[in-house]
K.L.:
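First, the structure itself, so that you have it in front of you.
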Amino acid sequence: MSAAGVLSFAQQGWEQVLAKVKWSVVYLDAACAESLHWSCGSSRLLEAVKGPACHLREFEPQAIGGGAQQPRAVFVLSCLLKGRTVDTLRDIVRRSHFQHCVVVTAVSHAVHLTANHVPAAAAAELEGQQPVFEQLEEKLCEWMGNVNYTAEVLHVPLLLAPAAPHLAFTPAFATLFPLLPRDVHLLNSARPDKRRLINLGEVDAAALTPELLLHIRCLVSGLSSLCEHLGVREECFAVGSLSRVIATDLANYAPAKNRKKTATGRASVVFVDRTLDLTGAVGHHGDNFVEKIISVLPQLPGHTNDVMVNMAELTAVQAIEGNQNVIAPGCLAQSNDVSAQALWEALLNTKHKEAVMEVRRHLVEAASRENLPIKMSMGRVTPGQLMSYIQLFKNNLKALTNHCGLLQLGMATVQTLKHPQTAKWDNFLAFERLLLQSLGDSTRTGVLNQLLPMIKSPSQRSSDDYGPEELLILLIYIYSVTGELTVDKDLSEAEERVKKALAHVLSEESELSPLLQKITGCDSAINLTFPKSQVAVNDVFTSLQEIAGARTLMKQFKSVYVPGNHTHQASYKPLLKQVVEEIFNPEKPDPVDIEHTSSGLTDLLKTGFSMFMKVIVLSTRLLKPLNIPELLFATDRLHPDLGF
């Protein structure tokens, strides 16, 4: 299985969509727009539309309809064609003048049958038929106002947003996150007539809510399509409770049975619950430069995986407040620029010093190819030096066009190096390393006591001090890396002191970020009283304690903390690294925490890991500070994208 196969899966899906969009108004939801962004870019879609004006619109209830001169529409959607999605579709079509509508959904017809409560036996008899899609086609004609107009509904598996050869995101599943122990109570409340669940280890598909189970089935449908494209029969493994449910559903996915019989290749798919190790998600590791870029630059609107790069310095637009939105921002995704892609992969795989040197090398080579008057300088790479190279392209339209992607990545590097948050990022890294060493000499109590003086009210904070969100990141790091501990009097008292200090800070904030609004339940700082802050902080610490206990049911992967000794400092060892090492270590016995999910009697008879021919590791992994679900693809060897 090759990385090229994963990329071609995404691009092939979009080629099917592009074949439908000529002279059309195109509506996309956010997840599909993000997949397009990383797969082939919006420019490719605009070329396929061939219209004189931009006819790309966001799929939302308030979306503008098609005018009298716009008879064709294509809707590209990542979700089920059901409920609010169909209501929005109906409203847009009714207020338009469309005569030809195409609806593309990333969810297969088989999942639509499940969503409409069609029994499995009845669904099997409908193989080759698509009654749900056909009914919607009839409705589309009705909404357009003429049954003789044309409507088409089809499935295209637009699952992935491929960011690199071995790294792909799944934007449509940004909200899918593993369960915490408190969720067991909620699941029990939803099924009072059934046997009570004791812990997450007992959770199976039957215990989940219909909504969550359907969301999982949508993911499974997309993964099955990926395996079909790769020509492999998958063997499914899981580490964690929700991963076990997903792996089992994929292993037993009925529409894939015929595909598996004829598949010529084999692949092992390992699902990992991200809650088992949030240390890597919120920590500052310095493994690659992209980590810093994503942490400090503003998020690209509507995206979960990209940032905005200010490109105004390459234009003649004056840098005044009213001109902020005149120039479209740059970004990290450069799917149509080979040189920029090479630099992007270098930034993903190299640390700070090597990364900025690579940026300089690419800029120098590009300037040389364009015969620009570049002055070579060796030694340490500075933001000013990089900016001087970038400015050479400013008044040369041909050079700007030829190297637009490279210049966006160059500007992203400069703005990251100059950003005031970069110094704080380095402070985070230093403090986290200090915490790891402190854990060797004390318990979580001592670490919380170290954190306490750093919790300062807005009036006491300087630009170098930590705000509420940054303190929450440190707390998640502390609780995830330490794991479950016996709560004694000292720990309880230390937690209470931190809770009280944090509650005071929240209640004194003059403005609440969207995250703090969600945590506190208050949309304005005026409404956030100290008692409300206390309630919110208590809920936060309940979650922190559950994060600390996430590995309780593990027998082998109980810790991500490696104590120091006379020759090595204490360190953090990622759970994903431990999992992959176990898989590829022939000398160790079968790992007990990596469960093989069966799809029949033959699989039940299999033992050992000889079936691990090629491996795909799937994890809901967070890249700071955004919630980014991603797929990690490791083929035959440990790849730098895995963070090893």
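Since this is a predicted model, take the numbers as computed values, not measurements.
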K.L.:
Do the rings of F173 and H215 sit parallel, tilted or perpendicular, given the 30° and 60° boundaries?
P.N.:
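Judged by the thresholds at 30° and 60°, the geometry between F173 and H215 is tilted.
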
K.L.:
What verdict does the side-chain contact (heavy atoms from CB on, under 4.5 Å) test give for V580 and V270, after you've listed the backbone C-alpha separation in whole Å, the side-chain angles of each residue and the deciding distance to 0.1 Å?
P.N.:
CA-CA 9 Å; V580 175; V270 185; over 6 Å; no

K.L.:
Within the distance-only criterion (no hydrogens, no angle test), does the side chain of T279 pair as donor or acceptor with the backbone N or O of V481 below 3.5 angstrom?
P.N.:
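Between the backbone of V481 and the side chain of T279 there is a qualifying donor-acceptor contact (under 3.5 Å).
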
K.L.:
The criterion is side-chain hydrogen bond (donor to acceptor under 3.5 Å, both in side chains); which residues satisfy it with D183, sequence neighbours excluded?
P.N.:
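Once residues adjacent in sequence are excluded, D183 has no partner under the side-chain hydrogen bond (donor to acceptor under 3.5 Å, both in side chains) criterion.
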
K.L.:
Just jot down the side-chain hydrogen bond (donor to acceptor under 3.5 Å, both in side chains) partners of E493, sequence neighbours excluded, or say none.
P.N.:
none

K.L.:
Is the shortest side-chain N to carboxylate O distance from E234 to R259 below 4.0 Å?
P.N.:
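Yes, this pair counts.
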
K.L.:
Do K573 and E581 sit within salt-bridge range, that is, some charged N less than 4.0 Å from a carboxylate O?
P.N.:
yes

K.L.:
State whether the number of non-hydrogen atoms from other residues, nucleotides or ligands found under 6.0 Å of Q569 atom CD is greater than 12.
P.N.:
no

K.L.:
Determine whether a donor-acceptor pair (N or O, by modelled atom type, separation under 3.5 Å) exists between the side chain of T552 and the backbone of G549.
P.N.:
yes

K.L.:
What is the minimum heavy-atom distance between F177 and L242, and which atoms define it?
P.N.:
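Heavy atoms of F177 and L242 come nearest at O-CD2, 3.6 Å.
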
K.L.:
Counting only heavy atoms from other residues, nucleotides and ligands, does the tally under 6.0 Å from NZ of K500 exceed 12?
P.N.:
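For K500, atom NZ is not crowded (no more than 12 foreign heavy atoms under 6.0 Å).
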
K.L.:
With a sphere of 6.0 Å drawn around NZ of K558, does it hold more than 12 non-hydrogen atoms of other residues, nucleotides or ligands?
P.N.:
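Count over threshold, so yes.
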
K.L.:
Do we see a donor-acceptor contact under 3.5 Å between the side chains of E495 and Q545?
P.N.:
yes

K.L.:
Would you call the rings of W425 and H284 parallel, tilted or perpendicular if under 30° counts as parallel and over 60° as perpendicular?
P.N.:
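Ring orientation, 0 to 90° scale: perpendicular.
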
K.L.:
Decide whether T248 and T597 meet the rule of one side-chain donor and one side-chain acceptor closer than 3.5 Å.
P.N.:
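Per modelled atom types, T248 and T597 side chains form no pair under 3.5 Å.
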
K.L.:
Would you please indicate yes or no on a ring centroid separation below 6.0 angstrom for F428 and Y466?
P.N.:
yes

K.L.:
Before accepting this row, confirm whether a basic side-chain N of the pair E484/R551 lies closer than 4.0 Å to the acidic partner's carboxylate O.
P.N.:
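Salt bridge: no.
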
K.L.:
Classify the ring geometry between H229 and F9 as parallel (under 30°), tilted (30 to 60°) or perpendicular (over 60°).
P.N.:
tilted

K.L.:
Kindly say whether L81 contributes a backbone atom to a donor-acceptor pair with the side chain of T85 at under 3.5 angstrom?
P.N.:
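Side chain of T85 to backbone of L81: no pair is present.
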
K.L.:
May I ask you to decide if G467's main-chain N or O and E470's side chain share a donor-acceptor pair within less than 3.5 Å?
P.N.:
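The answer is yes, because a donor-acceptor pair under 3.5 Å joins these two groups.
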
